[in-house]
Peer 1: 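One structure coming up, written as C-alpha cells, with questions to follow.
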Amino acid sequence: MGVPIGELVSKKELELENLNGRKVAIDAFNAIYQFLSTIRQRDGTPLMDSKGRITSHLSGLFYRTINLTEAGIKPVYVFDGKPPEFKKKELEKRAEAREEAREKWELALARGDLEEAKKYAQRASKVNELLIEDAKKLLELMGIPWVQAPSEGEAQAAYMASKGDVWASASQDYDSLLFGTPKLVRNLTITGRRKLPGKDVYIEVKPELILLEDVLNGLKLTREKLIELAILVGTDYNPGGIKGLGPKKALEIVRHSKDPLLKYQKTSDVDLYAIKEFFLNPPVTNEYKLEWKMPDEEGVLRFLCDEHDFSEERVKNGLERLKKAIKAGKQFTLDAWFKK
DNA sequence: GCGTGTCA
DNA sequence: TGACACGCC
C-alpha cells in the first residue's frame, strides 16, 4: 500500500506540542483502516455492537480526535472519492489478499492459534461504505470538519496543505508528497507503542515530519522527477513497478534520463504517463469549509451509546475532555493574538 | 489504538 | 509516576 520510498525520505522527529494550534488534514481512509485492523480482540474479531455492526473505527476516531484536540491540534478528515480507473488492478490485488487472509484466519481459529488468527484477521480488514458513513456521522456530532475529496483523499489533503488551508497532511503513506504536500506528518498518535510483526516486542513510535523540500533537496530531484522515481519503483496505480528496479537504481535512472518513463512505457501494460499526469494534476475541490464546533453531546451519546452500545461513562468522560480541550484551544488562540 | 486498573 | 495487562464493543 502506498509508494515504497520511505528509505529515500528524510524525516524529522516531532513532539506533539510542536503541532499546537495547527490545522492538520488527516487521510480518513488511512486512519479508519488502521483502527479497523488494530482495534480487535485477541482472536482477531473487531469490536461490534449488539447488532453485529463493527465499531472499532468509531472507538479509534473518538479517542484519537480527543487526544489531538487536547494537544491543541485542529484535525480535518479527508475522505476518498471515486478512485481513478487505473487503480483497479491494485484494488483487485487487495481484495484477493483479503480473501486469502480471511481463509487463513478461519484455519488458525480452528487450530486455536490466537496469535496467527489475529494476524490474518487484521489483513482481512475491509473498509466498507457503512464504516465510512458512521465515521462521518461521528465527526459531525463531535464538531470536527471533514472533506469529501472528488478522487484520492491524499491528493485533496496535499492540495489543502499547499494552499495553506492546513499546516500539513497526515497519513502513514508517502503518496501525498507526490501530490505536492509541503509537509507530511506520519505516526500522528499519542500512545507511541507499536508491536513488531512476529515477536512480542514493542517499539516507541514518535510522530515524524517530512518536508517535501528536504526530500527533493536531499535527492537532488524536482517533484516531477520524484514522481517518475515513484512510478519506476511502483505506486498504487502500477503495483510492483518496473521489474528489477529498486529505489537505488531507479534514482540513478531518473537523475540521468530526461524522460525515464519512455523506455519502460513500451513494455508496460499501464499508461505510465497518465499516472504521472495524475500525480501532477489530480482532481481536487475547493468546496469545503473548515469549522471546528462544540460537540453535540446528546447526539454523540445517542449515536455511540444508544445505537452502538458504547459505555455511557466512558463517552461522557471523553466528551468532557473534548469540551475542555476546545475551550483551552480557544484560550490559546486568543492569548497568541493579544501577545502580537 | 486507546482507556483504565493494578502494582511497584 | 511509569510500566504493564487487559478489555473495550
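What you are looking at is a predicted structure, and each value in this text was computed from that prediction instead of being measured. We name chains A, B, ... by the order of the sequence lines, and we start the count at 1 in each one.
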Peer 1: As a test of understanding, state which of Leu251(A), Leu212(A), Val9(A) forms a side-chain contact (heavy atoms from CB on, under 4.5 Å) with Leu226(A).
Peer 2: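 It is Leu212(A), the one option of Leu251(A), Leu212(A), Val9(A) that forms the side-chain contact (heavy atoms from CB on, under 4.5 Å) with Leu226(A).
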Peer 1: Starting at CD1 of Ile39(A) and ending at C1' of dG1(B), how long is that distance when rounded to a whole Å?
Peer 2: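 Result: 4 Å.
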Peer 1: Taking any heavy-atom pair under 4.0 Å as a contact, classify Arg321(A): base, sugar-phosphate, or nothing.
Peer 2: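 Arg321(A): backbone/sugar contact only, no base atoms under 4.0 Å.
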Peer 1: What is the separation between atom CD on Glu312(A) and atom P on dG3(B), rounded to the nearest whole Å?
Peer 2: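 After rounding, the gap between these two atoms is 19 Å.
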Peer 1: Between atom CG in Leu47(A) and atom P in dC9(C), what is the gap in whole Å?
Peer 2: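 Whole-Å distance recorded here is 7 Å.
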Peer 1: Starting at atom CD1 of Ile26(A), determine the distance to atom P of dG1(B), rounded to an integer number of angstrom.
Peer 2: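 Going from CD1 in Ile26(A) over to P in dG1(B) covers 14 Å.
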Peer 1: As a test of understanding, state which of Tyr237(A), Tyr174(A), Tyr273(A) forms a ring-ring contact (aromatic ring centres under 6.0 Å, His included) with Phe279(A).
Peer 2: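 Running ring-ring contact (aromatic ring centres under 6.0 Å, His included) over Tyr237(A), Tyr174(A), Tyr273(A) with Phe279(A) returns exactly one hit, Tyr237(A).
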Peer 1: Is the shortest side-chain N/O distance from Arg64(A) to OP1 or OP2 of dC2(B) below 4.0 Å?
Peer 2: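 The answer is yes; a side-chain N or O of Arg64(A) sits under 4.0 Å from OP1 or OP2.
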Peer 1: Can you measure Asn187(A) atom CG to dG1(B) atom C1' for me and round it to whole angstrom units?
Peer 2: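 It is 13 Å, rounded to the nearest whole Å.
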Peer 1: Rounded off to whole Å, could you give me the CG-to-P distance for the Leu68(A) and dG1(B) pair?
Peer 2: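 Result: 13 Å.
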Peer 1: I want to verify a distance call: between dC9(C), dC2(B), dT4(B), whose nearest atom is closest to the Thr189(A) side chain?
Peer 2: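 Between dC9(C), dC2(B), dT4(B), the one nearest the side chain of Thr189(A) would be dC2(B).
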Peer 1: Calculate the interatomic distance between Gln172(A) atom CD and dG1(B) atom P; express it in whole Å.
Peer 2: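 It works out to 9 Å between those atoms.
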Peer 1: To the nearest angstrom, how far is Arg42(A) atom CZ from dG7(C) atom P?
Peer 2: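 Value for this atom pair: 7 Å.
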Peer 1: Report the C-alpha distance between Gln156(A) and Phe79(A) in whole Å, list the side-chain angles of each, state the deciding distance to 0.1 Å, and finish with yes or no for side-chain contact (heavy atoms from CB on, under 4.5 Å).
Peer 2: CA-CA 9 Å; Gln156(A) 179 68 28; Phe79(A) 287 83; over 6 Å; no
Peer 1: Which part of the nucleic acid, if any, lies within contact of Ser50(A), taking any heavy atom under 4.0 Å across all strands shown: a base, the sugar-phosphate backbone alone, or nothing?
Peer 2: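 Nothing, no nucleic acid heavy atom in range.
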Peer 1: Of all heavy-atom pairs between Pro46(A) and Arg40(A), which one has the smallest distance, and what is that distance?
Peer 2: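 Minimum heavy-atom separation between Pro46(A) and Arg40(A): CD-NH1, 3.4 Å.
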Peer 1: Of the options dG1(B), dC9(C), dG3(B), whose atoms approach the side-chain atoms of Tyr63(A) most closely?
Peer 2: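 Ranking dG1(B), dC9(C), dG3(B) by closest atom to the Tyr63(A) side chain puts dG3(B) first.
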Peer 1: Keeping the roles fixed (side chain from Thr45(A), backbone from Gln41(A)), state whether a donor-acceptor pair exists under 3.5 Å.
Peer 2: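 Here the side-chain-to-backbone pair does not exist.
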Peer 1: Please check the phosphate of dG3(B) (OP1 and OP2 only) for any side-chain N or O of Asn67(A) closer than 4.0 Å.
Peer 2: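 Asn67(A) to dG3(B) OP1/OP2: side-chain N or O found under 4.0 Å.
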